[in-house]
Structure formats: structure tokens, C-alpha cells
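Report on the structure given below.
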Amino acid sequence: MSFRSIVLAKQVPDTQNLTARAMKPDGTVNRAALPAIFNPHDLNALEVGLNLRDKFGGEVILITMGPWMAAEVVREALYRGADEAVLLTDRRFAGSDTLATSYALAQAVRKMGEVDLVLCGSQAIDGDTAQVGPQVAEKLGLPQLTFVQEIEEVRETGVVVKRTIENGYERLRAPLPVLMTVTSEVNIPRPPRAKLIMQYKKARAPVEVRIEAEREFENYTGVDRDEIIAKKTEERMAALRDQGLLLTEWNLERIEAQEERCGFAGSPTKVRETESVVLRARESKTYDPTEEGLKGLVEELADSRILG
Amino acid sequence: MADAPKVWVVAETSGSGLSEVSLELLSKASELAGKLKTGVAAALVGYSIEPLAPELISYGADVVFLAQDERLKDYLANPYAKIIARLLAEEKPEIVLYGASSTGRDLAPRVASQIRAGLTADCTDLKIGDHKDLKTGKVYRNILFQVRPAFGGNIIATIVNLDHRPQMSTVREGVMRMSQPQASRRGEVIEVPVELSPEDFLVEVLERVEAQRKVNLKGANIIVSGGAGVGSRENFRLIHEFAEVLDAEVGASRAAVDAGFVSKEHQVGQTGTTVRPKLYIACGISGSVQHQAGMSEAGKILAINTDPEAPIMNIAHYKIIGDLNEVIPQLIKTHKASGR
């Protein structure tokens with residue numbers, strides 16, 4: 001008995017640790033000040049796959065879709081023990097809403113051949129839609145188990161899980177292959193392994209190699225600039241490949257996606273406008289954390305008939 | 001009704017009755033339908049659910065589509081999505097609303113994928129408006145403006161669907177206000193044929209365990225809420241104790257729930273419960289916009305935090321800058337001493 005799992009992960013801005021430092025003077029959030037991280041629930045999904053492989057054998061493959069910076073998620077997956085990890089990146093994916101994203105991800109999963117489990121975090125902390133998992137499941141024609149808080153049993157014949165519902169849970173049984181989205185309750189993700197960090201920290205995706213070369217020759221004005229950049233990129237990619245450090249990168253053609261179903265064109269929802277939230281100060285009273293101060297507060301609340 | 005209703009609510013049941021969120025959505029749907037000069041339809045899937053149709057009508061549905069089958073007694077993503085997707089493809093509504101419940105959040109994306117429609121999650125407001133596309137200059141009249149916090153709640157985005165129909169949204173319970181039912185309303189009930197195959201029933205519900213709704217955040221007068229600043233599950237006892245003294249409900253920020261300090265049903269915010277208490281006491285909560293989306297309509301907000309710069313301080317009416325581990329016991333003592 002062994003299981004082949006595919007984990008879908010997203011790189012997200014760390015919106016959970018919003019500190020005063022990330023606030024601009026006008027009261028809006030400085031998005032650039034937020035670090036990019038591996039979506040926390042996706043780490044739980046990766047852990048499910050790794051744990052099954054360690055127990056029963058098999059394989060864990062991670063796919064992340066995003067701009068070139070998302071290569072960091074690929075490395076982090078390798079640091080934690082994924083057998084393979086793919087960066088799905090293409091300018092034509094830009095502007096994807098959940099429908100276009102799930103289409104591209106489903107196409108990528110199809111390219112992986114036979115799979116037992118497709119695993120995702122229940123939601124990403126930036127958009128919080130929780131839509132991509134079920135949408136990928138539908139596109140692949142797989143049954144879905146969403147918001148899984150506990151995995152009771154995994155066998156070749158199927159899985160039994162607890163799914164979070166309002167005020168409780170439901171126990172569900174499903175055959176394999178199945179797509180599962182997991183919550184943070186399902187496990188505690190393992191940390192990266194020092195040995196694997198040493199092994200993969202220099203691994204690069206082709207897109208990173210090209211961008212590094214472009215930056216290097218940013219100020220070079222010779223007519224052969226593009227040629228030089230192309231040559232450098234080729235050389236470095238070849239060297240990385242020899243060392244087994246060239247990360248797998250797929251584009252739109254590689255997953256045989258229809259361009260009109262990707263990116264902005266393939267997204268029914270459009271952003272009409274965005275408004276930065278301005279956290280305007282309200283008129284307020286401050287009370288000292290002393291016996292006297294708190295007494296004043298309790299009295300104020302009582303007088304305004306809020307307490308008592 | 002001469003024309004078919006163009007605003008739909010995919011209703012759901014909870015226990016033996018309809019979910020509150022479905023009734024709230026019918027109120028919103030009626031308002032949207034009024035602007036579009038159309039009617040409201042509700043779709044309900046399940047087994048022996050026809051007694052619920054009059055209630056859907058009393059809350060605003062002009063037409064109720066019922067899909068009933070013994071195999072549909074429990075909610076299951078595949079067959080429910082198949083039925084709803086087929087209905088939507090046939091009836092072609094303009095707008096479809098779902099509760100952002102454990103059912104709606106499982107069902108709506110599967111339907112959206114099947115019919116390739118846009119879906120906007122956790123909307124906090126829905127309006128009808130005209131949109132001019134800046135690139136093409138084309139004007140889209142009377143489309144749905146779907147308002148939701150995004151980017152961890154740090155921006156408020158208005159989402160539109162230009163060329164795809166239906167326009168679909170999910171909305172959390174408690175976000176839209178429920179209007180009074182009118183027993184005199186009349187509507188039509190249409191039975192939908194159920195065509196399903198065994199492959200639609202690969203998933204099996206073994207058991208459903210639901211506690212009685214113990215946490216009643218929506219109806220609470222006072223809520224004592226704890227955040228990441230509480231520090232541990234053990235420390236969270238202080239929040240429970242404080243709430244008990246004040247006869248209040250216990251709330252929590254998402255960070256506290258994710259850290260395992262307290263269970264999910266206590267979560268206040270865009271992805272939790274929207275609350276409107278007389279007094280909201282935020283203890284060790286920094287106050288992300290997602291959290292604020294669920295509690296900023298509280299009558300009064302008291303923030304207890306060591307960080308005077310925390311965003312929650314901007315919306316607090318009363319502030320205490322200090323360590324909640326010292327402040328709360330002192331507040332409990334003072335409150336008890338006041339004898340109220």
C-alpha cells in the first residue's frame with residue numbers, strides 16, 4: 001500500500017501578522033512591507049502527503065502557481081521533504097481569479113498521471129475564498145472532502161475523515177482518488193530539515209536564473225546585451241541541471257492549457273475598484289491600567305447602562 | 001409573475017428547518033430584485049422538504065424550485081452541485097446567492113466550476129450599479145457590485161462580472177439583515193426532476209455530530225473576545241472567566257482560533273460571525289480589518305492591549321493600554337466590588 005499525493009500550494013502575503021510597522025501614515029496598509037510566505041494551511045496539506053508517504057511509501061509532488069517569486073515555495077517544499085515540486089508560472093496566468101486558477105492547476109495535475117490524493121489547504125490567507133480546492137476537484141471529476149479537520153483512516157479502498165461544519169463535524173467516507181482540503185487542525189507541519197536546506201538552498205527555477213542575469217546586465221549598454229543574457233542564462237541553467245539543482249518550471253504550453261481560459265481573459269470576476277481601508281481614529285477615552293483607572297471605566301460603563 | 005425570476009438564493013437546511021442565512025439572503029435578494037424589476041427564486045435540494053417552501057415564499061421567494069430524493073437527505077457536494085448547475089443552466093438567472101456556510105462554501109465553487117461562472121466569496125455588501133469598462137468603454141447596466149474585504153482585509157474590493165452570467169456570491173450568516181416574513185405572500189412551487197447516477201454518490205456521510213448551538217454571538221449583548229495576545233489556551237481561561245462575570249459571550253479573533261486557544265464557533269470577523277453587541281471587549285486583539293468587518297458595528301468597543309498602535313485602538317471607544325493578564329483580574333474585581 002502506497003500513496004501518490006499532489007499538494008497544491010500558494011505563496012501569500014503574511015496578512016496575519018499585521019504590525020504597526022506595516023501601517024502607512026495615512027492609516028492604510030503598506031503591502032510591500034508584508035513578507036511573502038507559504039500559505040499556512042497549505043503546509044498542513046503538505047504534511048498530510050509527507051506523513052502518508054513516510055508511513056506507507058509513495059510520493060509527494062507539490063505544485064505552486066504564481067509569479068517567479070513563488071519559486072521560494074518550491075524550495076520550501078523540498079526543504080520539508082517533497083519528492084518533487086513544480087513552479088507553474090507564465091505571464092499569461094496573471095490576473096487569474098479562482099476559476100482560471102483552478103483550471104490551470106487542474107491541467108497541471110492531469111499531467112502528473114495517476115494520483116491517489118490531491119491535497120490543498122482549506123483556504124489561502126490573502127483571498128480567503130476557499131474556492132480553488134472544490135473547483136479543481138470538479139474540473140478533475142474527483143469527489144471532494146473540504147475543511148477536513150481530522151483524517152481517521154487512509155486505505156487503498158478509501159479515506160474516512162472528519163469535516164468541520166457549524167458547531168460540529170461530519171464523518172465522511174470517500175474512495176480514492178479524492179481531493180481533500182485541510183484546516184490547520186489536521187496536523188502540525190514539520191519544520192524544514194537542515195540537511196535538505198543545505199541540499200536545495202542554491203536550487204533555482206529557470207525564471208529566477210533569467211531574472212538574475214537580466215539584473216546583472218541591467219546597466220550594460222552593448223548591442224549584444226540580450227544575447228549575453230540569454231547565453232549566461234543557458235550556461236547557468238546547464239550548470240544547475242548538472243548538479244540536480246534546476247527546479248521544475250512549467251508554463252501554459254507545458255500543461256496544454258487553452259489561453260482563453262487562463263489569466264485575466266479566463267476570469268469571469270474583475271476587480272472594479274479597491275479602496276485601502278483607512279483606520280481612522282475614533283473619539284475615545286483612555287483609562288490607566290490601575291485600580292483607580294479601571295474603576296473609572298466600570299463606572300462609565302455602568303452610567304451609560306452598558307454594564308449592570 | 002410574467003417573467004422568470006432573475007435573482008436566486010440557493011437555500012439550505014439546518015436541522016429540520018431552513019438555515020437563517022438563507023432567510024437573510026432572501027431579504028437581500030428581494031431588495032436586489034426590486035431594483036432589477038424582477039422576482040426572486042429559491043432553490044432547495046433535499047428530501048421531504050416541501051413543508052419548507054411556504055417559509056421561503058414568506059421571506060421573499062416568488063418561485064421555489066424543489067429537488068427531492070431520498071438519496072439527497074444529507075448534503076453531498078457532487079449530487080447537489082449537479083442539480084443546482086443544471087437548474088442554473090436551464091433557468092439562466094442573473095444573480096445567485098449562497099450562504100457562506102460549510103455547505104455553501106463546499107457547494108458554490110463546485111457549481112461555479114461546472115458552469116464556468118464567477119463566484120465572489122464572503123461578500124459584506126451587494127448592490128446594483130452601472131459599470132463602465134475603462135478599456136473598451138462599454139457600459140454594463142444594472143450589474144451586481146460585490147463588496148468584500150480582500151488582502152487579509154486590508155483593502156475593500158468591489159468585484160464585478162462583466163460578460164459571464166450568473167453573477168454568484170456567498171455571504172456569511174449575520175451579514176445581511178433578515179426582514180419580517182409575510183405570511184400572506186403567494187408563490188409558485190416547482191418540482192425539479194432528479195437525475196443522478198451512482199457515480200454522484202461516491203462520498204458517504206457516516207455520521208453528523210452537531211452540538212446544540214452553545215455559542216450565541218449573534219444575539220449577545222456583551223462579548224469578551226480574545227486574540228493572539230492572550231498567549232495560550234490556558235490564559236484564555238481568563239477570557240472565559242471575565243465573560244462569565246459580565247454574563248457575556250466569549251468571542252475570539254482568527255489568530256486565537258488558528259492558534260488553538262478556543263474553538264472556531266467563537267470566531268468573530270469576516271470569516272467568522274458578524275456581531276452587533278452593546279459592548280465588545282477586545283483583549284489582546286490587534287484588530288485586522290477582517291476582524292473589524294465582524295465587530296465594528298458594536299455599540300461600544302473596549303480595547304485592552306499592550307500596543308497603543310494596534311489598529312483596534314483606532315476604532316475603540318474605550319482604551320486600556322496594559323497587560324490583559326493584570327488588567328482583566330483587576331476589572332473583574334472592580335466590577336464585582338461595584339455590586340452591579
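Protein chains get the first letters and strands the later ones, always in sequence-line order, with residue 1 at the start of each. Basis for what follows: all heavy atoms, side chains included, without hydrogens, waters or symmetry-related copies.
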- Note on the structure: Heaviest contributor of heavy-atom pairs below 4.5 Å to chain A, chosen from Thr103(B), Leu279(B), Ile159(B), Val209(B), is Val209(B)
- Looking only at Leu297(A), Thr290(A), Val178(A), the option with the highest number of non-hydrogen pairs under 4.5 Å against chain B is Leu297(A)
- Message: Using only atom types and a distance under 3.5 Å, with no angle test, would you say the side chain of Ser14(B) pairs donor to acceptor with the backbone of Ser19(B)?
- Response: no
- Task: Let me know if Thr286(A) has heavy atoms under 4.5 Å from chain B in its side chain, its backbone, both or neither.
- Result: both
- Item | Per-residue contact mode, Thr120(B) against chain A (heavy atom under 4.5 angstrom) | both
- Query: Is there a donor in the side chain of Asn305(B) and an acceptor in the side chain of Asp307(B), or the other way round, less than 3.5 Å apart?
  - Reply: no
- Item | Check: Glu170(A) side chain, Leu206(B) main-chain N or O, donor-acceptor pair, under 3.5 Å | no
- Task: Could you look at Val12(A) and say if it's the side chain, the backbone, both or neither that has a heavy atom under 4.5 Å from chain B?
- Result: neither
- Where on Leu142(A) is there a heavy atom nearer than 4.5 Å to chain B: the side chain, the backbone, both, or neither? backbone
- Message: Does any backbone or side-chain atom of Ile165(A) lie under 4.5 Å from a heavy atom of chain B? Answer side chain, backbone, both or neither.
- Response: both
- Note: vs chain A, highest number of non-hydrogen pairs under 4.5 angstrom among Ala108(B), Ser263(B), Ala117(B) is Ala117(B)
- Donor-acceptor pair, Thr136(B) side chain versus Lys138(B) backbone, under 3.5 Å? yes
- Between Asn44(A) and Asn187(A), do the side chains contain an N or O donor and an N or O acceptor separated by less than 3.5 Å? yes
- Task: Is it possible for you to check whether Lys10(A) lies under 6.0 Å from the centre of the six-membered ring of Phe38(A), through NZ or CZ, and within 45° of that ring's axis?
- Result: no
- Output yes when a side-chain donor or acceptor of Gln149(A) lies under 3.5 Å from a complementary backbone atom of Glu185(A), and no otherwise. no
- Message: For Glu12(B) and Tyr75(B): C-alpha separation, side-chain torsions, deciding distance, then whether side-chain contact (heavy atoms from CB on, under 4.5 Å) applies.
- Response: CA-CA 9 Å; Glu12(B) 56 179 271; Tyr75(B) 165 73; over 6 Å; no
- Task: Pick one of side chain, backbone, both or neither for Tyr169(A), based on which atoms fall under 4.5 Å of a heavy atom in chain B.
- Result: both
- If you tally heavy-atom pairs under 4.5 Å between each of Arg272(A), Lys139(A), Lys162(A), Gln135(A) and chain B, the highest tally belongs to Arg272(A)
- Residue Gln123(A) versus chain B: region with a heavy atom under 4.5 Å: side chain
- Identify which part of Leu172(A) has an atom lying under 4.5 Å from any heavy atom of chain B, answering side chain, backbone, both or neither. both
- Message: Run the side-chain hydrogen bond (donor to acceptor under 3.5 Å, both in side chains) test on Gln292(B) and Ser288(B) for me, step by step, so that the C-alpha distance in whole Å, both residues' side-chain angles and the decisive distance to 0.1 Å come before the verdict.
- Response: CA-CA 6 Å; Gln292(B) 293 189 16; Ser288(B) 71; over 6 Å; no
- Item | Heavy-atom proximity to chain A below 4.5 Å, by part of Ile304(B) | neither
- Between the side chain of Glu47(A) and the main-chain N/O of Arg190(A), is any donor-acceptor distance below 3.5 Å? yes
- When heavy-atom pairs shorter than 4.5 Å are enumerated against chain A, which of Val160(B), Val147(B), Val203(B), Asn161(B) gives the highest number? Val160(B)
- With a 4.5 angstrom heavy-atom cut-off, could you sort out which part of Leu246(B) is near chain A: side chain, backbone, both or neither? side chain
- Query: For Glu326(B), is it the side chain, the backbone, both or neither that has a heavy atom under 4.5 Å from a heavy atom of chain A?
  - Reply: neither
- Query: Taking the six-membered ring of Phe147(A), is the NZ or CZ of Arg163(A) close enough (under 6.0 Å from the centre) and on axis enough (within 45°)?
  - Reply: no
- Which of Gln114(B), Lys264(B), Lys300(B) touches chain A most, by non-hydrogen pairs under 4.5 Å: Gln114(B)
- Query: chain A heavy atoms under 4.5 Å from Arg148(B): which part of the residue, side chain, backbone, both or neither?
  - Reply: side chain
- Query: How about Thr146(A) and Asp106(B): does a side-chain donor come under 3.5 Å of a side-chain acceptor?
  - Reply: yes
- Query: Taking atom CZ of Phe201(B) as the centre, does the number of heavy atoms from other residues, nucleotides or ligands within less than 6.0 Å exceed 12?
  - Reply: yes
- Message: So which residue, Glu265(B), His164(B), Arg110(B), ends up with the most heavy-atom pairs under 4.5 Å with chain A?
- Response: Arg110(B)
- Under 4.5 Å from any heavy atom of chain B - which part of Thr164(A): backbone
- Taking the side chain from Ser113(B) and the backbone from Pro109(B), do they hold a donor-acceptor pair closer than 3.5 Å? no
- Note on the structure: Scored by heavy-atom pairs under 4.5 Å with chain B, the best of Glu291(A), Arg261(A), Glu138(A), Lys285(A) is Glu138(A)
- Would you mind telling me which of Ile321(B), Asn221(B), Asp247(B), Asp122(B) has the largest number of heavy-atom pairs within less than 4.5 Å of chain A? Ile321(B)
- Of all of Ala137(A), Ser184(A), Ala106(A), which one pairs up most often with chain B through heavy atoms under 4.5 Å apart? Ala137(A)
